[in-house]
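Quick note on labels: first sequence line is chain A, next is B, and so on, each numbered from 1.
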Amino acid sequence: SAVISQKPSRDICQRGTSLTIQCQVDSQVTMMFWYRQQPGQSLTLIATANQGSEATYESGFVIDKFPISRPNLTFSTLTVSNMSPEDSSIYLCSTGYGGDGEKLFFGSGTQLSVL
Amino acid sequence: RKEVEQDPGPFNVPEGATVAFNCTYSNSASQSFFWYRQDCRKEPKLLMSVYSSGNEDGRFTAQLNRASQYISLLIRDSKLSDSATYLCVVGGSGGSNYKLTFGKGTLLTVNP
């Protein structure tokens, strides 16, 4: 298993600003994932972050809006850029375990509100 | 068909009741299936994996029917602490098996 520390836990931001969310894992992991959970909706995968390579983004998400860093095997950041109220959501980082890495542990999430 | 579709809920049941959640998925090539639990304002946590042979963990039983692309979760003798949102989760296929698709969740409230 893995313990994931995510911060900040919540923030209220002004339109047009950017917020960087950090995730620290207590062990080395190959893949880290960033999800978004909008109010009343299911979790949606934003991107997969592998150490030493560019993140892979899902349809509807682009690097300019959600730049991701993965400098080592225990850490990743997600930046929400040029925020608008539509970006208000919970953002979750996760990493996988199990034979194929498909069982996920999640960080505690970042509740983002954009005014 | 939506990628992962669950009973809309909410479910309100008394303590001790048996409650069943259903879920259907669209990708017939999916290789992995899970139920996650999400408490209010908390992150999702893995409840159990789901196998074709069915699996049981205490009061929880999960079933998978690949032919019908259907997953179920049965909770027996429900407790107040079972109150949460239950997420049906389906893995990808081929090289994308690690990509999980989440259902919207079904809210369960167990009442004293």
Side-chain angles (χ1 to χ4, degrees), chain A residues 1-10 21 23-25 29-50 55-61 78 88-113, chain B residues 1-10 21-27 29-52 55 57 62 64 71 84-107:
Chain A
S1 64
V3 175
I4 304 175
S5 301
Q6 182 174 344
K7 60 180 182 182
S9 58
R10 60 180 64 241
I21 303 167
C23 265
Q24 179 76 51
V25 187
V29 294
T30 304
M31 288 184 175
M32 292 183 72
F33 308 97
W34 287 96
Y35 283 84
R36 180 173 74 181
Q37 187 174 27
Q38 294 179 304
Q41 301 299 314
S42 58
L43 277 76
T44 302
L45 180 63
I46 297 172
T48 302
N50 294 322
T56 303
Y57 289 82
E58 298 300 305
S59 176
F61 298 96
L78 170 76
S88 297
S89 186
I90 297 173
Y91 293 85
L92 296 140
C93 67
S94 68
T95 188
Y97 67 105
D100 293 313
E102 75 278 9
K103 298 177 185 177
L104 296 184
F105 277 112
F106 285 89
S108 53
T110 297
Q111 173 77 59
L112 171 62
S113 298
Chain B
R1 176 187 277 186
K2 292 182 181 177
E3 287 192 76
V4 179
E5 192 159 11
Q6 296 184 238
D7 285 341
F21 302 137
N22 302 315
C23 172
T24 57
Y25 61 95
S26 61
N27 183 359
S30 293
Q31 298 295 317
S32 54
F33 310 88
F34 311 94
W35 284 99
Y36 277 72
R37 169 192 171 129
Q38 186 172 26
D39 292 285
C40 186
R41 302 184 187 279
K42 299 286 189 180
E43 73 276 17
K45 293 183 179 178
L46 178 64
L47 179 64
M48 59 198 304
S49 301
V50 189
Y51 306 111
S52 296
N55 48 305
D57 183 3
L64 167 66
I71 306 163
T85 296
Y86 289 83
L87 305 171
C88 177
V89 183
V90 176
S93 55
S96 299
N97 58 314
Y98 60 88
K99 289 189 181 181
L100 302 187
T101 301
F102 286 75
K104 291 179 69 172
T106 302
L107 176 62

Engineer: Show me the donor-acceptor pairs within less than 3.5 Å that the side chains of residues 35-48 of chain A make with the rest of the protein, sequence neighbours left out.
Structural biologist:
from	atom 1	to	atom 2	distance (Å)
A:Gln37	OE1	B:Gln38	NE2	2.9
A:Gln37	NE2	B:Gln38	OE1	3.0
A:Ser42	OG	B:Phe102	O	3.4

Engineer: My understanding is that only residues two or more places apart in sequence, or in another chain, count here; which of them pass side chain to side chain donor-acceptor pair (under 3.5 Å) with A:Ser94?
Structural biologist: none
Engineer: Can you say whether B:Ser49 sits under 4.5 Å from chain A via the side chain, the backbone, both, or neither, judging by heavy atoms?
Structural biologist: side chain
Engineer: Atom CD of B:Glu43 and atom OG1 of A:Thr110: how far apart are they, to the nearest 0.5 Å?
Structural biologist: 11.0 Å
Engineer: Any side-chain heavy atom of B:Leu46 sitting closer than 4.5 Å to one from A:Leu104?
Structural biologist: no
Engineer: Which bit of A:Gln6 comes within less than 4.5 Å of chain B, counting heavy atoms only: side chain, backbone, both or neither?
Structural biologist: neither
